[in-house]
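Down below is the structure, laid out as structure tokens.
Position 1 is the first residue of the sequence; numbering continues from there.
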Amino acid sequence: MDRTPIRHEAEFTMLDNPEIIQTEAQFAAVIRLTAPRHEIPHVMGPGIGELMAAITSQGQTPTGPIFSHHLRMDDPRTFDFEIGVPVASPITAVGRVEPSQSPAATVARTVDHGPYEGLGPAGSEFEAWVAAQGRTLAPDLWECYLSGPELGPDPTSWRTQLSRPLIR
């Protein structure tokens, strides 16, 4: 499969050619949040700190990158989502941090290259690709932050994996 990134509408962002894959179940620690779109930068950082403190206090470390699981996307003004981190075994609930498990599923997956502001246009392009394959999307979306601001201020180096579970 051609993995050459494709430029999309947002400046300085590109989208890898999507693919359909089967994922495996994965234990996770999550915090559920509902927030207006403009509040996301203010709730993500503290939530991630809380997640990391909770798993560290239980002797665990992340087994992969931080993710957000958007549970529904019917109102673009409000995000109803979980932030989480994969772990090797179930955690014990503490504060807002809950044990979770991502299910094994057939998903459409791609990687967006660029700033987070490009995720909206990338998501629309990705959804169009899925529809062109004759597949039907479930209502949720998984964003896995492969690389981001922690690597430096240049957003062209940021990578966000997008996974959409498929109904058929």
Side-chain angles (χ1 to χ4, degrees), residues 13-16 18-76 78-120 122-123 126-127 137-166:
T13 59
M14 297 192 300
L15 190 65
D16 283 355
E19 58 187 343
I20 295 174
I21 64 164
Q22 181 67 37
T23 63
E24 295 182 12
Q26 171 66 59
F27 293 117
V30 301
I31 296 175
R32 177 124 184 216
L33 299 166
T34 302
R37 175 184 290 271
H38 69 276
E39 290 289 323
I40 299 304
H42 306 291
V43 299
M44 288 284 289
I48 291 168
E50 190 176 340
L51 276 170
M52 300 309 270
I55 67 168
T56 300
S57 74
Q58 295 181 38
Q60 293 210 44
T61 58
T63 60
I66 294 165
F67 64 83
S68 61
H69 178 208
H70 297 266
L71 303 166
R72 40 167 253 200
M73 300 183 316
D74 55 349
D75 180 357
T78 302
F79 282 26
D80 182 11
F81 68 113
E82 297 171 325
I83 54 173
V85 63
V87 292
S89 60
I91 62 141
T92 300
V94 57
R96 297 187 304 164
V97 180
E98 297 285 334
S100 185
Q101 184 175 26
S102 63
T106 301
V107 304
R109 178 172 284 169
T110 189
V111 174
D112 180 64
H113 301 243
Y116 299 139
E117 295 80 13
L119 289 172
F126 184 36
E127 288 177 14
L137 294 168
D140 57 334
L141 162 70
W142 296 79
E143 293 178 346
C144 183
Y145 307 105
L146 304 176
S147 62
E150 71 283 357
L151 295 180
D154 178 10
T156 61
S157 67
W158 301 355
R159 304 288 179 267
T160 305
Q161 181 184 74
L162 306 173
S163 297
R164 294 292 308 265
L166 300 172

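- Minimum heavy-atom separation, Phe126 to Ala108: CZ-O, 3.1 Å.
- Two residues are said to be in side-chain contact when any heavy atoms from C-beta on lie closer than 4.5 Å; Val111 and Leu15 fail this criterion.
- Without hydrogens or angle criteria, Gln161 side chain to Leu146 main chain gives no donor-acceptor distance under 3.5 Å.
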Between side-chain atoms of residues 81-90 and protein atoms elsewhere (two or more places apart, or another chain), which donor-acceptor pairs fall under 3.5 Å?
{"residue": "Glu82", "atom": "OE1", "partner": "His69", "partner atom": "ND1", "Å": "3.3"}
{"residue": "Ser89", "atom": "OG", "partner": "Gln60", "partner atom": "NE2", "Å": "3.2"}

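- Across all their heavy atoms, Val97 and Ala29 have their closest contact at CG1-CB, 4.0 Å.
- To the nearest 0.5 angstrom, Glu143 atom CD is 3.5 Å from His70 atom NE2.
- Looking only at side-chain heavy atoms (C-beta outward), Tyr116 and Pro155 stay at 4.5 Å or farther from each other.
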Run Arg159 and Asp112 through side-chain contact (heavy atoms from CB on, under 4.5 Å) and show every step you take. CA-CA 6 Å; Arg159 304 288 179 267; Asp112 180 64; over 6 Å; no
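- Listed for the Ser100 side chain is no donor-acceptor partner under 3.5 Å among the backbone atoms of Ala28.
- Between Arg96 and Leu33 the shortest side-chain heavy-atom distance falls below 4.5 Å.
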Worked verdict on Phe27 versus Ile91 for side-chain contact (heavy atoms from CB on, under 4.5 Å): CA-CA 9 Å; Phe27 293 117; Ile91 62 141; over 6 Å; no
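- Around the CD atom of Glu24, the shell of radius 6.0 Å holds no more than 12 heavy atoms that belong to other residues, nucleotides or ligands.
- Side-chain atoms of Trp158 come within 3.5 Å of backbone N or O of Gly152 as a donor-acceptor pair.
- Taking each heavy atom of Pro165 and Asp140 in turn, the nearest pair found is CG-OD1, 3.4 Å.
- No donor-acceptor pair under 3.5 Å is formed between the side chain of Thr92 and the backbone N or O of Gln58.
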Expected list for residues 34-43: side-chain donor-acceptor pairs under 3.5 angstrom, two or more places apart:
{"residue": "Thr34", "atom": "OG1", "partner": "Asp80", "partner atom": "OD1", "Å": "3.3"}
{"residue": "Arg37", "atom": "NE", "partner": "Pro76", "partner atom": "O", "Å": "3.0"}
{"residue": "Arg37", "atom": "NH2", "partner": "Pro76", "partner atom": "O", "Å": "3.2"}

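- The OG1 atom of Thr63 lies 4.0 Å from the CD atom of Gln26; values are rounded to the nearest 0.5 Å.
- Ala93 and Glu98 make their closest contact through CB-OE1, 3.8 Å (heavy atoms, listed as atom of the first residue, atom of the second, distance).
- Asp154 pairs by the salt bridge (Lys or Arg N to Asp or Glu O under 4.0 Å) definition with nothing, not counting sequence neighbours.
- Here the closest non-hydrogen pair linking Arg109 and Ser163 is NE-OG, 2.7 Å.
- A salt bridge links Arg164 with Glu127: the distance from a Lys NZ or Arg NE/NH1/NH2 to an Asp or Glu carboxylate oxygen falls below 4.0 Å.
- For the atom pair Ile21 CD1 and Thr106 OG1, the distance stands at 9.0 Å (nearest 0.5 Å).
- Scanning all heavy atoms of the two residues, the minimum distance from Gln101 to Ala25 falls at NE2-CB, 3.5 Å.
- A side-chain hydrogen bond (donor to acceptor under 3.5 Å, both in side chains) with His113 is found for exactly one of Thr160, Thr156, Asp16, namely Asp16.
- Although no hydrogens or angles enter the test, the distance criterion places a donor-acceptor pair under 3.5 Å between the side chain of Ser57 and the main chain of Ala54.
- For the atom pair Phe79 CZ and Leu141 CG, the distance stands at 9.5 Å (nearest 0.5 Å).
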Could you give me the CA-CA distance, side-chain angles and deciding distance for Thr61 and Ile55, then say whether side-chain contact (heavy atoms from CB on, under 4.5 Å) is met? CA-CA 6 Å; Thr61 58; Ile55 67 168; 5.6 Å; no
